[in-house]
Amino acid sequence: MYPLVKVVLSIDGDPDPVLNPDPDAVVFRKYHKMQSLVNEYCDGKATMTIHSSPVFRQRFISDEYMLFWREWATSGKNLALHIEDDLYRLSSAETLQPSIFHHPETIFDVISTTLERLKQWNIDCSCFRGGSNGHAPALADFLAKQGIIADLSCAPGLNWPERGVDWQGAPATAYFPLNDNLSARDGYSQKALLMIPLGWDGITPEDRRRPTVNYLANETSTLEHLKRVWDCLVRRATDLGQPQVVSFLCHTYSVENQDLNQQLKKMLTYISHHDGQFISITEAMKEARQPYPGEHGHA
């Protein structure tokens, strides 16, 4: 049977916990465990984030990490640049300062430097995910010019102005956004940046700041709710007569938490057995450009 929902597993590799980040040995142990999990449960397909923040500008592009990113990428998996300036702040930073997504031009050099570093190692990074799901049209335009083709920041229904989060009205499946409104769908033919939204049940959450039980978000939900959200996605695909392309968010810290790790494995299995398929960024792009009956050339 043709998969009704196609999923990009979005893995956040932040060095949790925020106030006392793990040392490299622990981070790498978790990374390799997640790599094995992806190979076993997701057909070797997933996208993992490369963290960057004022606290850690160089750590995750050091030689040791570059070796891991190259291993990850050459095995067919994807990488996403993940800017976390609003969470991993310097102690001297003002608590109430605007989100980085209110002045994205201040991180353009950071992005360019990171991508150039990856290029020097012949490592492809084709994706982006904003910290706390934040974003900005100017940033999206800059990313596209840098060769980024996909974005995992979107979480339909979320709204957290202080963090640059506004996904009110965003489509529930992968789409190409308008230049001045990232939550609005545009035609696909001339667009370079594909937004891949977090899987969502269509219900506006009570707390619109972070993805919880209304989304495919492993660490902030339960297995019961994750399955319920998935079933909603399958029904949506059936009702619309069009496969849905979404992301499923998880974090590397979950692989050493017994309950969260088991929940993740059970949910990945559930997806595979209930009309789902794990896909790469390239496959998501191909699917989004596929015209379906009634679309008239628009994604």
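Only a predicted model underlies this, so the values are computations on that prediction, with no experimental measurement involved.
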With no hydrogens and no angle check, is any side-chain donor or acceptor of T173 less than 3.5 Å from a backbone partner on V245?
yes

Any carboxylate oxygen within less than 4.0 angstrom of a Lys/Arg side-chain nitrogen, looking at K33 and E256?
yes

Does a side-chain N-to-carboxylate-O contact under 4.0 Å join D22 and R29?
no

For S221 and T212, work out which heavy atoms get closest and say how close.
CB-O, 4.1 Å

Would L260 end up clustered with L249 when hydrophobic side chains under 4.5 Å apart are linked, directly or stepwise?
no

Can you tell me if CD on Q120 sees more than 12 non-hydrogen neighbours from other groups inside 6.0 Å?
yes

Tell me the salt bridge (Lys or Arg N to Asp or Glu O under 4.0 Å) pairs involving residues 226-235, sequence neighbours left out?
D201-R228

In terms of the angle between their ring planes, are Y253 and H251 parallel, tilted or perpendicular, with boundaries placed at 30° and 60°?
tilted

May I have the step-by-step check of side chain to side chain donor-acceptor pair (under 3.5 Å) for S53 and H51, ending in yes or no?
CA-CA 7 Å; S53 68; H51 174 100; 2.9 Å; yes

Do the side-chain N and O atoms of S99 and D86 include a donor-acceptor pair separated by under 3.5 angstrom?
yes

Result for side chain to side chain contact (heavy atoms under 4.5 Å, CB included) between D151 and one of L194, L143, I196 points to L143

How about CD on Q262, more than 12 heavy atoms from neighbouring residues, nucleotides or ligands closer than 6.0 Å, or not?
yes

Exercise: identify the closest heavy-atom pair between L226 and M267:
O-CE, 3.3 Å

Separation of L198 CG from S247 OG (nearest 0.5 Å)
4.5 Å

Who passes salt bridge (charged side-chain N to carboxylate O under 4.0 Å, His left out) against R210, sequence neighbours left out?
none

In short, S153 meets G130 closest at the heavy-atom pair OG-N, 2.8 Å

Check the side chains of K77 and N39 for a donor-acceptor pair under 3.5 angstrom, ignoring hydrogens and angles.
yes

Restricting to pairs with a member in residues 169-184, which pass salt bridge (Lys or Arg N to Asp or Glu O under 4.0 Å), not counting sequence neighbours?
none

Between atom CZ of F248 and atom CG of L152, what is the distance when rounded to the nearest 0.5 Å?
13.5 Å

Partner residues of D24 under the side-chain contact (heavy atoms from CB on, under 4.5 Å) criterion, sequence neighbours left out
F28, R59, E64, Y65

Pairs touching residues 103-132 that satisfy salt bridge (Lys or Arg N to Asp or Glu O under 4.0 Å), sequence neighbours left out
D12-R129, D63-R117

I need the full list of ring pair (Phe, Tyr, Trp, His ring centres under 6.0 Å) pairs touching residues 113-164, with sequence neighbours left out, sorted by first then second residue.
F108-F142, F128-H135

E162 with R209: basic N within carboxylate O range, under 4.0 Å:
no

Kindly say whether the aromatic ring centers of H225 and Y215 come within a distance under 6.0 Å.
no

